[in-house]
Amino acid sequence: MTSLAQVRPPPDDWHMTITFITGANKGLGHETARRLIDQGHTVLLGARDVAAGTTAAAALGARFVRIDVTDDASVAAAAADVERHEGRIDVLVNNAGIHGPHGDPAALTGADILRVLDVNLVGVVGTTTAFLPLLRRSADPVIINVSSSMGSLAATHDPARAESGVIAPAYTSSKAALTMLTTQYAKALPGIRINAADPGYTATDLNANTGPQTVTEGTDAIVTLATEGPGHPSGRFVDRTGEIAWS
Ligand SMILES: NC(=O)c1ccc[n+]([C@@H]2O[C@H](COP(=O)([O-])OP(=O)(O)OC[C@H]3O[C@@H](n4cnc5c(N)ncnc54)[C@H](OP(=O)(O)O)[C@@H]3O)[C@@H](O)[C@H]2O)c1
């Protein structure tokens, strides 16, 4: 049987920043992987679909790790895989997300809400809990939760902002909960820099490619949080222009 000491990288590799990204086979997660590899990170590309994840990882020079954030066994297997191969991570990007139903809340079911919360909120909790022991081995551990201004009371109530015209009760409430979850983690885990990123409205499959931003613009906040280095605060909500209000 191979011991952990045999499969972990040699000590010379421990200065590298190892970044695990969920939902990285396409969209913002994929572009985050590409940009962080460009900046020298060792990227572990998380995806639930083996074929999509393998293809994306091979094209980018990442290592594919299968993870379905709604499946506890899959999340545990992903963390065990990273434990065996890298032995730690420095950055966890909780990016995987779904939109769920638009429109009339009169037709909304509890099952609709649960399906969206399962990925966008519960999936973040399960992944974070599973990867915390690996993050705690880092000299500068970072968690980035990919949230949205669609979960901001201020943005969704400002008639000047596009968010105010969208009715998406499941998605918006899941992201409001995710930003609050982020502040709770930031308070409870002072040794880890934990922030939320708002990509801004970006053309991806999530919105049938209707967003005006490119994926490169949409990943500016995530990449900044992943590369800013020690000494920056925890518990921020950041878009590509800088810190924004939680409310
Ligand atoms: N695009 C925007 O305008 C925008 C704005 C604000 C925030 N965001 C947030 O940005 C994040 C990325 O979204 P995107 O725009 O890049 O959308 P996307 O292109 O649809 O990508 C979503 C990713 O999440 C993955 N995913 C979904 N359910 C999963 C699960 N159960 N387990 C693991 N992975 C799962 C998808 O995998 P499959 O390919 O297998 O489905 C895909 O890789 C999301 O959290 C989203 O809410 C996006």
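First listed ligand is number 1; within each ligand, the first listed atom is number 1. All values derive from a computational prediction rather than experimental measurement.
With a 6.0 Å radius and a threshold of 12 heavy atoms from other residues, nucleotides or ligands, Ile167 has its CD1 atom at or below the threshold.
By the criterion of a heavy-atom distance under 4.0 Å, the side chain of Thr204, and not its backbone, is placed next to ligand 1. Of the heavy atoms in Val119, only side-chain atoms (C-beta onward) come closer than 4.0 Å to ligand 1. When heavy-atom distances to ligand 1 are checked against a 4.0 Å cut-off, Ser147 comes that close only through its backbone atoms N, CA, C and O. Only the backbone of Ile67 comes within 4.0 Å of ligand 1, counting heavy atoms alone; no side-chain atom from C-beta on gets that close. With a 4.0 Å heavy-atom cut-off, ligand 1 is reached by the side chain of Lys175 but not by its N, CA, C or O.
Against a heavy-atom cut-off of under 4.0 Å, Asn207 is close to the following atoms of ligand 1: 1 (N), 2 (C), 3 (O).
By the 4.0 Å N-to-carboxylate-O rule, Asp81 lies close enough to Arg63 to be salt-bridged with it. Contact check on Glu83 versus Arg137 returns a salt bridge, with a Lys/Arg side-chain nitrogen under 4.0 Å from an Asp/Glu carboxylate oxygen.
Residue contacts with ligand 1 do not include Gly211, since none of its heavy atoms lies under 4.0 Å from the ligand. Taking a 4.0 Å cut-off on heavy atoms, Gly200 registers as neighbouring ligand 1. The closest approach between Asn25 and ligand 1 falls below 4.0 Å for a heavy atom of the residue.
A side-chain N or O of Ser174 and one of Asn120 form a donor-acceptor pair less than 3.5 Å apart.
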